Amino acid sequence: MTSAILVVNAGSSSIKFSLFMDRSDTLDLTVRGHVEGLFTAPRFVSKAPDGTVKSEKSWPAGDVLGHAGAIDHIIGHLRSGFGDGSRLLGIGHRVVHGGKAFKAPVRVDARVLSHLEAFIPLAPLHQPHNLAPIRRALERVPDLPQVACFDTSFHRTQPAVAQTFALPAGLREAGVMRYGFHGLSYEYIASVLPAIDPVAANGRTIVLHLGNGASMCALAAGRSVDSTMGFTAVEGLPMGTRSGSLDPGVILYLKDQLAMDARDIEDLIYNKSGLLGVSGISSDMRTLLASEEPQAKLAIDLFVYRIRCWLGALTAALGGLDAVVFTAGIGENSPEIRSRVCSDAGWLGIKMDDAANVAGHERISAGTSRVAVFVVPTNEELMIARHARRLLTQ
Ligand code: ADP
């Protein structure tokens with residue numbers, strides 16, 4: 001009998017899901033979809049991997065499905081489709097925060113769930129939504145095992161100096177430290193590097209995850225040694241709407257002189273800054289690249305400049321550089337941004353093959369480049385499915 005693994009990524013107003021069939025040597029994506037408008041006008045769609053719509057359902061505007069109703073619908077829909085004798089082995093959930101304690105994915109029971117709920121104050125915008133479907137499935141389908149996979153746990157290999165803020169020690173004990181995020185993406189990239197290039201897999205490699213959320217990670221032989229995101233997913237690079245690193249004095253100034261409260265500042269640094277804030281036009285890199293406006297140019301210049309600076313910093317953390325990997329929406333799809341980043345990094349020994357870059361090849365560095373440069377599509381869902389299968393079949 002074929003087993004399937006459901007992967008769930010729950011946000012504040014939508015749940016995305018993917019179904020992978022366990023073919024023993026591979027995990028094959030067979031269905032993906034989402035429920036949007038959980039609290040407004042809910043709409044369910046499931047699609048084949050090629051994008052063909054397989055099933056749709058809409059609820060009347062004003063119906064509140066919530067995370068509970070949505071996960072009930074997704075599980076019911078998928079199970080009803082298993083006419084061929086396949087069965088659902090379990091669910092793998094993306095959970096943003098695993099705190100200091102969870103250094104790897106974990107099978108969730110009521111005790112683990114309450115431990116994960118204790119991290120809600122560390123990620124109040126994401127953790128409650130990630131946990132809501134887990135809580136519901138534990139109640140409604142307790143026979144269906146669930147696995148939580150964290151964005152933070154891949155970074156627990158970082159040395160203490162990379163995880164520590166220069167704050168009094170008691171604050172670290174209270175959880176104020178650099179956790180790092182996008183860990184499932186970096187772990188996936190590290191997992192495929194051995195088949196792409198042994199030097200990148202075993203050497204000093206910087207991965208640039210450039211999407212709406214953007215961060216960079218220094219890998220030494222495939223293990224995280226430092227990353228640009230720290231206590232929250234707002235540190236580091238400017239992003240679509242997030243500010244990236246700020247002088248902490250700015251926060252105090254906003255509070256004391258401009259009478260902004262914590263919620264105002266949160267909205268500013270998460271939703272109104274970054275590419276959107278600087279350009280005043282859009283958070284979408286494609287729109288900015290197509291714009292003639294000076295503010296759009298400044299936003300892109302700032303994005304590329306911060307990447308340039310962090311490349312230097314992470315190279316210093318690694319003690320040298322053997323390879324660079326671009327991934328996520330901008331990293332995978334924008335030859336222009338890749339070209340600008342690489343030409344700024346000529347001093348690090350990077351030389352791009354322009355034709356390979358424009359053609360979208362996997363290796364985009366010139367044969368004479370001392371540092372190899374790759375474009376590798378990330379796949380966080382597959383990483384979650386792999387973890388869930390391992391934990392549920394061992
Ligand atoms: P998320 O963090 O939401 O998963 P993605 O990884 O999907 O984000 O990345 C979204 C970003 O990728 C957007 O800024 C979008 O403009 C950018 N992007 C997608 N395709 C291109 C492209 N061809 N050129 C430039 N940017 C692109």
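A quick note: this is a predicted structure, and the numbers were derived from the prediction, not measured. Ligands are counted one by one from 1 in listed order, and the atoms in each one are counted from 1 as well.
Among protein heavy atoms, atom 7 (O) of ligand 1 sits closest to Gly329 CA, 4.3 Å. Looking from atom 23 (N) of ligand 1 to the surrounding protein, the closest heavy atom is Asn333 O, 3.2 Å. The protein heavy-atom contact nearest to atom 16 (O) of ligand 1 is Asp284 OD1, 2.3 Å. Among protein heavy atoms, atom 17 (C) of ligand 1 sits closest to Ile330 CG1, 3.5 Å. Counting only heavy atoms of the protein, atom 27 (C) of ligand 1 lies nearest to Arg286 CG, 3.6 Å. Taking atom 13 (C) of ligand 1 as the reference point, the nearest protein heavy-atom neighbour is Asn212 OD1, 4.0 Å.
Considering every non-hydrogen atom in both Val371 and Ser369, the closest pair reads O-OG, 2.6 Å. Contact between Phe102 and Ser153 at its shortest, heavy atoms only, is O-CB, 3.2 Å. Minimum interatomic distance between Val376 and Thr327 (heavy atoms only, all atoms of both residues): O-OG1, 2.6 Å. Heavy atoms only, all atoms of each residue included: Ala123 and His97 are closest at CB-CD2, 4.0 Å.
The shortest N or O to N or O distance between Leu289 and ligand 1 is not below 3.5 Å. Polar contact check, Gly213 against ligand 1: a nitrogen or oxygen pair lies under 3.5 Å apart.
Annotation: side chain of Arg308 is not in contact with side chain of Arg340 (no heavy-atom distance under 4.5 Å). Residues Leu219 and Arg223 form no side-chain contact, since every pair of their non-hydrogen atoms from C-beta on lies 4.5 Å or further apart.
Nearest-residue assignment for atom 14 (O) of ligand 1 (options Met285, Glu332, Arg338; heavy-atom criterion): Met285.
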Anything under 3.5 Å between a donor and an acceptor, one on a side chain of residues 28-39, the other on a protein residue two or more places apart or in another chain? List them.
from  : atom 1 : to    : atom 2 : distance (Å)
Asp28 : OD1    : Thr26 : OG1    : 3.1
Asp28 : OD2    : Arg23 : NE     : 3.4
Thr30 : OG1    : Leu19 : O      : 3.2

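Using a 4.0 Å threshold on non-hydrogen atoms, atom 4 (O) of ligand 1 does not count as touching the protein.
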